[in-house]
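Written below as structure tokens is the structure these notes are about.
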Amino acid sequence: MNNTNKFLKTLQERRQMAFFFDMDGTLINSMPYHSRAWTAIMQSIGIDFDIKDCYLEEGRTGHELLKNFVKKYLKKDLTEAELQQLYREKSKLFDHIQKVQPIEHVCDVLQFIRNELQAQLWVVTGSGLEDLWERLNGYFPDVFGKDKIICAYDIKQGKPAPDPYLTAWERSGLPKENCCVVENAPLGVLSGKRAELFTVAVNTGILENHYFEEAGADVIFPSMEEFLAFLQQ
Ligand code: MG
């Protein structure tokens, strides 16, 4: 039996399950604004960074993204203070330009998981926003508990390392086969697969599907609507 059939069997048997949702590009349509903010910040320090870089690198924590690109293109290391300063500037710019909404049909998916499957709902993100839960609760009132968010401060190594999803899995208290990662980014898919969890890619962005196949996604959907139909079958 392949992974997808095993997962569907777990669903149909109505076992206790947990869904681990990435945030940016999976729950909320924030990626266009992140891309614009990152491109502006990187270009301000002389790094030729474009929108596709942002989608390909998505999932890393902001600090890791900055460190990697500065090392690669400027051949130097940033001090902790410089890193924090740049990340603050990027966050400020993001806040200034963002008009974020939930991803289309994701609220229906969350409702189905909560009401029909009665499964645990987690957010697993590399974001380091200090008011993360307040923001999430604004977009999705009373859906995510404060104790079910794994963010940049909970882990040592961000995606594509398995740590974020492994941490969520450990805290869920469930067997791995009862868990499902939902991602929109190749590095996030890689993180889910390295944690040996069933990983769904919902391609809400600009990348071709082969990036998700190469990262090892168990199944790829073009929209949350298609993911919902899969869960409801
Ligand atoms: Mg994402």
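This one's a predicted model, so the numbers in the text were calculated from it and none came from an experiment. Order of appearance sets the numbers: ligands from 1, and atoms from 1 within every ligand.
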Discussion item. No waters, cut-off 2.8 Å: how many protein N, O or S atoms are close to the Mg ion (ligand 1)?
Written reply: 4
Discussion item. If you apply the rule side-chain contact (heavy atoms from CB on, under 4.5 Å), what do you find for Thr167 with Phe20, and how did you get there?
Written reply: CA-CA 11 Å; Thr167 304; Phe20 306 138; over 6 Å; no
Fill in: Test side-chain hydrogen bond (donor to acceptor under 3.5 Å, both in side chains) applied to Tyr165 and Glu183, step by step
CA-CA 11 Å; Tyr165 287 114; Glu183 266 289 347; 2.6 Å; yes
Discussion item. Looking at Asp218 and Lys193, is any side-chain nitrogen of the basic one under 4.0 Å from a carboxylate oxygen of the acidic one?
Written reply: yes
Worksheet entry | Asp77 and Lys71 ion-paired at < 4.0 Å | yes
Worksheet item: Does NE2 in His96 sit with more than 12 non-hydrogen atoms of other residues, nucleotides or ligands closer than 6.0 Å?
Response: no
Fill in: Salt bridge Lys92-Glu89, side-chain N to carboxylate O under 4.0 Å
no
